Asker: 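Quick one: structure below, then a few questions.
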Amino acid sequence: MGLSSNVNEKASLIWAIADKLTGVYKPHEYGLVILPLTVIRRFDCILADTKDAVVAEYGKVQKLPMRDVLLRSAAKHDFYNTSKYTFERLTADPDNVESNFRAYLNGFSDNVQDIIAKFNFDVQITRMAEKGILYIVLKEFTTPKANLHPDLISNLEMGYIFEEIIRRFSEAHNEDAGQHYTPREVIQLMVNILFNDDNDVLSGNGTAKTIYDPACGTGGMLSVAESYLHKLNASTKLLAFGQEFNDETFAICKADMLIKGNDASFIKDGNTLTGDQFEGQHFDYIISNPPFGREWKNEKAAIEEEAKKGFAGRFGPGLPAVGDGQMLFLLTAIAKMKDTNEGGSRIAIIQNGSPLFTGDAGSGPSEIRRYILENDLLEAIIALPNDIFYNTGIATYIWVLSNRKQGTKREGRVQLINANQCYEKRRKSLGNKRNDIPQKAIDAITKLYGEFRETEISKIFDTKDFGYTKITVERPLRDEHDELLLKNGKKQPDKNLRDTENVPLKENIEEYFKREVLPFAPDAWIDKKKSKIGYEIPFTRYFYKYKAPRPTEEIQVEILDIETELQGSLEEIFDI
C-alpha cells in the first residue's frame, strides 16, 4: 500500500470514531475530541514498550531533583507518563474512567501536558463524562483501527494523518482547510529547491543546519524538509524552528517534533507578526506558506511600531497594504537570513500574484520589491498550477531568495519558471484541489531551476529589467484663448493635463521622453522632483502567447450550422 493510501485509510478509520460522538457533538465539533485523542493515543502507543520500566523507575526517583532526566532515560524518549494507566488499562475499569483518565493525563511529563492544555481538552472530558460517552470513545481508541504504534505508523505518516484529520475537521467546520495544509507535492518541490546544489548539506559529515517556518501550522514543511534531507545525507542534522498562532495546530506541530525526538522547545506559539519569538535569531533555510489575502488591521499598531525601527526591525523596506499581510511574512523571512560571512541563507516561500505587481512606484509593496531586487536577493519565481491548494484555486507562486548569489551564475539575474501547466487532474477533488503536481514534473522543475537555463517555460532577466522610473509629465496652463498663463514669468502646470510615464530603468529618461512624449505633446516637460523608482514583476506578460482570432469565414459557417440545427429542433417541437 502506498504512503498516501495508507495515510488516508488510517485517517478515515480514526475519523470514523466520531460516529460515537453523534448526538452529544455536532459534526463541526468532532475535531475537538478526535484531534487531541489522536495525539494522546500516539503518545500512548509510543510509550507502551517502556511503560512498566518508567512506572518502576518513578517509584524510585519521584522525590529526586533529577527525576526528569532519569525518567526520560527509562522511557527512551524525551517525554514519559508516570501513571499506571494505558488506554487499555483505562477501559478495564469503566466505572472510574473519568477520574482514572485525568490521573493518566496528569502522569505525562510537563512538555506533553503543555500540548494537551493547548487543546483545552479538559472541557471535552467533562462533557463526554456527563453525557456517558467517555468510556465508549476511549474504548474505540483501543481497537486495531486506532493502533498508532510506531511499528505500524511511521513518524512521517503520523504527521500526514494529523493533517488529514485537521483538513476534515476544517471542512466540517466550514473553515479554510488549506490554512493549515500545504499539498505535499508543493512542499517537496520547495524542499528540492532549498537544498539544490548545497554541497555542504548534501555531502557533509555530521553537519548541523537550521530551518525556520514563521507560519508553521502542523509542521508539515519542517517535517518534509527533515525527512528529505535525511534521505540525501543521514549524517546531516536539521534543527527545525517554527511559530504558529492557532492553538490546535501549534499543539500538533509540537507533538510531532517531540515524537520524532526533536527539540520541541524550538516550536513557539503566538502571532509572528506582532510577537516574534525568534527575535535576533537567523537560520540557514526559511520555508513557509503564510496566509495571503488576509488583512492585518488587528496587528497594525504593533507592526507600525516595529516599522519605526527601520532596518533594526523586520519591516525596514516598507509595509504592504493593510488588506493583505503576506509580504510581512516575506519580510520576516528575509530578516531571518544569516549574514553572508556566516554562510548566508536560502528562502522558499509561497505568495499569491499580488506581491508581484501590486502598489505604485514609491508604495510599500513596490519598495519591498525594490529592496529585494536591488540587494540581489531574488533567485527565482515559480508559477504553480491553479487548483492545487485545498482552499483556493487562484494563481500561486514560489519565491526563491538567497543572499549567496555573488560570484555565481545567478548574480544580478532572476529566473522565472512558468510551471502552470505542470499538473495532472485528480480523480476526485479535495475542496478546491483538483490538480496534483506529479513526481516527474517536480523533478523536471527542479532540474530546470538547477540548470538555470532558458526554455519555453523558463526565462532569465537582469534584476534591473523589473525596475522603472515613474516620471510626471506636465503640460502648461493656458487661458480660453490658448495663451500661456505665467506667474512670475514661469510656465504653470495644468493639473488636468498632468500625466505619468513608466520609463524602464535600462532606458535613458530624456531619450524616452523625446521619443514617446514630445512628438505628441511638444510643450510638455518632466517635473523631476516627482520622479519615483518602482519595481514590478509582470510574470504573466513574459509568458503570454498571442493567439490569432479565428477567421471570420470559419465563425460564419459555424453560426449558420447552429442556426440550421436550431431551426430543425424548433420544427420538431412545434410540428411546423
Side-chain angles (χ1 to χ4, degrees), residues 193 311 315-320 327 330-331 333-335 337 340 344-349 351 353-383 397-418 448-473 499-517 526-544:
I193 288 169
F311 287 93
F315 310 126
L319 295 175
M327 292 186 90
L330 177 61
L331 289 173
I334 292 170
M337 299 176 86
T340 51
S345 303
R346 181 174 284 157
I347 297 169
I349 186 168
Q351 306 274 275
S354 178
L356 293 170
F357 54 81
T358 188
D360 203 357
S363 68
S366 180
E367 287 297 286
I368 294 169
R369 289 189 294 270
R370 180 179 182 179
Y371 176 82
I372 290 170
L373 289 160
E374 291 188 352
N375 285 277
D376 201 15
L377 296 177
L378 186 60
E379 282 194 354
I381 295 178
I382 302 169
Y397 302 80
I398 299 173
W399 287 49
V400 185
L401 299 94
S402 172
N403 57 359
R404 304 186 297 194
K405 294 171 65 176
Q406 189 172 6
T408 72
K409 58 188 177 183
R410 294 186 183 273
E411 185 173 2
R413 316 290 301 281
V414 175
Q415 183 180 18
L416 302 183
I417 299 176
N418 184 20
L448 190 57
Y449 164 81
E451 292 176 347
F452 191 62
R453 59 185 175 89
E454 290 202 325
T455 67
E456 188 177 355
I457 67 168
S458 171
K459 297 185 182 297
I460 297 171
F461 300 88
D462 294 336
T463 54
K464 279 193 173 182
D465 288 332
F466 306 114
Y468 61 91
T469 303
K470 182 180 179 180
I471 61 172
T472 299
V473 178
D499 201 359
T500 60
E501 293 276 339
N502 290 344
V503 183
L505 282 185
K506 285 186 171 181
E507 286 204 41
N508 180 279
I509 293 176
E510 295 298 331
E511 290 179 1
Y512 177 95
F513 186 70
K514 289 177 183 178
R515 185 183 73 246
E516 301 292 339
V517 178
I526 301 172
D527 186 344
K528 295 183 178 180
K529 293 180 181 179
K530 295 178 181 177
S531 295
K532 294 180 180 179
I533 301 294
Y535 279 85
E536 65 176 9
I537 306 172
F539 193 103
T540 305
R541 186 196 306 165
Y542 294 130
F543 293 96
Y544 172 76

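Computed from a predicted structure; not experimentally measured.
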Asker: Does the side-chain contact (heavy atoms from CB on, under 4.5 Å) test come out yes or no for W399 and L356, once each step is laid out?
Answerer: CA-CA 10 Å; W399 287 49; L356 293 170; 3.7 Å; yes
Asker: Are E507 and R515 close enough that some pair of their side-chain heavy atoms sits under 4.5 Å apart?
Answerer: yes
Asker: CZ of R541 to CD of E536: how many Å apart, nearest 0.5 Å?
Answerer: 6.0 Å
Asker: Give a yes or no answer on whether the side chain of R410 reaches the backbone of R404 with a donor-acceptor pair at less than 3.5 Å.
Answerer: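 No.
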Asker: As an exercise, state the distance from CG of N375 to CG of N403, rounded to the nearest 0.5 Å.
Answerer: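 If I round to the nearest 0.5 Å, the distance is 10.0 Å.
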Asker: Of all heavy-atom pairs between I537 and F466, which one has the smallest distance, and what is that distance?
Answerer: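 In terms of heavy atoms, the two residues are closest at CG2-CE2, 3.9 Å.
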Asker: Do you know the tightest heavy-atom contact between K464 and L505?
Answerer: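 So the two residues come closest at O-CB, 4.0 Å.
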Asker: How many angstroms lie between OG1 in T469 and NZ in K532, if you round to the nearest 0.5 Å?
Answerer: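 Rounded to the nearest 0.5 Å, the OG1-NZ separation comes to 12.5 Å.
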Asker: Do V400 and Y449 pass the side-chain contact (heavy atoms from CB on, under 4.5 Å) test, and can you show the C-alpha distance, the side-chain angles, and the key distance before you say yes or no?
Answerer: CA-CA 10 Å; V400 185; Y449 164 81; 3.8 Å; yes
Asker: Enter the distance from T463:OG1 to E411:CD here, rounded to the nearest 0.5 Å.
Answerer: 10.0 Å
Asker: How close do Y535 and Y468 get, heavy atom to heavy atom, and via which atoms?
Answerer: N-CE2, 3.7 Å
Asker: Please walk me through it: do Y542 and N418 pass side-chain contact (heavy atoms from CB on, under 4.5 Å)?
Answerer: CA-CA 9 Å; Y542 294 130; N418 184 20; over 6 Å; no
Asker: Decide yes or no for D465 and V414: does some side-chain heavy atom of the first lie under 4.5 Å from some side-chain heavy atom of the second?
Answerer: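 No, too far: nothing below the 4.5 Å cut-off.
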Asker: After noting the C-alpha distance and the side-chain angles of K528 and E510, does the key distance pass the salt bridge (Lys or Arg N to Asp or Glu O under 4.0 Å) rule?
Answerer: CA-CA 11 Å; K528 295 183 178 180; E510 295 298 331; 3.6 Å; yes
Asker: Please determine whether side-chain contact (heavy atoms from CB on, under 4.5 Å) holds for the pair R413 and K405, giving the CA-CA distance in whole Å, both sets of side-chain angles, and the decisive distance to 0.1 Å.
Answerer: CA-CA 9 Å; R413 316 290 301 281; K405 294 171 65 176; 5.6 Å; no
Asker: Are there over 12 heavy-atom neighbours, none belonging to K409, within less than 6.0 Å of that residue's NZ?
Answerer: yes
Asker: Does the S363 side chain pair with the main chain of D360, one donor and one acceptor, at a distance under 3.5 Å?
Answerer: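 Checking the backbone N and O of D360 against the side chain of S363, a donor-acceptor pair under 3.5 Å is found.
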Asker: Which atom pair, heavy atoms only, marks the closest approach of S402 to E379?
Answerer: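 Shortest heavy-atom separation between S402 and E379 comes out as CB-OE2, 3.1 Å.
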Asker: Tell me whether the centres of the aromatic rings in F311 and Y371 are closer together than 6.0 Å.
Answerer: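 F311 vs Y371: aromatic centres under 6.0 Å.
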Asker: For the residue pair F543 and L416, establish whether any side-chain heavy-atom pair is separated by less than 4.5 Å.
Answerer: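 Yes, side chains in contact.
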Asker: Considering all heavy atoms of both residues, which atom of S531 and which atom of I526 are nearest to each other, and what is their separation?
Answerer: OG-CG2, 4.4 Å
Asker: Around atom CD of Q406, are there more than 12 heavy atoms of other residues, nucleotides or ligands at under 6.0 Å?
Answerer: no
Asker: Got a second to check how far T500's OG1 is from I471's CD1, nearest 0.5 Å?
Answerer: 8.5 Å
Asker: Between I381 and F539, which heavy-atom pair has the shortest distance, and what is it?
Answerer: O-CE1, 3.6 Å
Asker: Any chance you could measure Q415, atom CD, to L448, atom CG, to the nearest 0.5 Å?
Answerer: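 Q415 atom CD to L448 atom CG measures 5.5 Å (nearest 0.5 Å).
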Asker: Output yes when E511 and K506 qualify as a salt bridge under the 4.0 Å nitrogen-oxygen rule, no when they do not.
Answerer: no
Asker: Do the side chain of S366 and the main chain of G359 share a donor and acceptor less than 3.5 angstrom apart?
Answerer: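 Side chain of S366 to backbone of G359: no pair is present.
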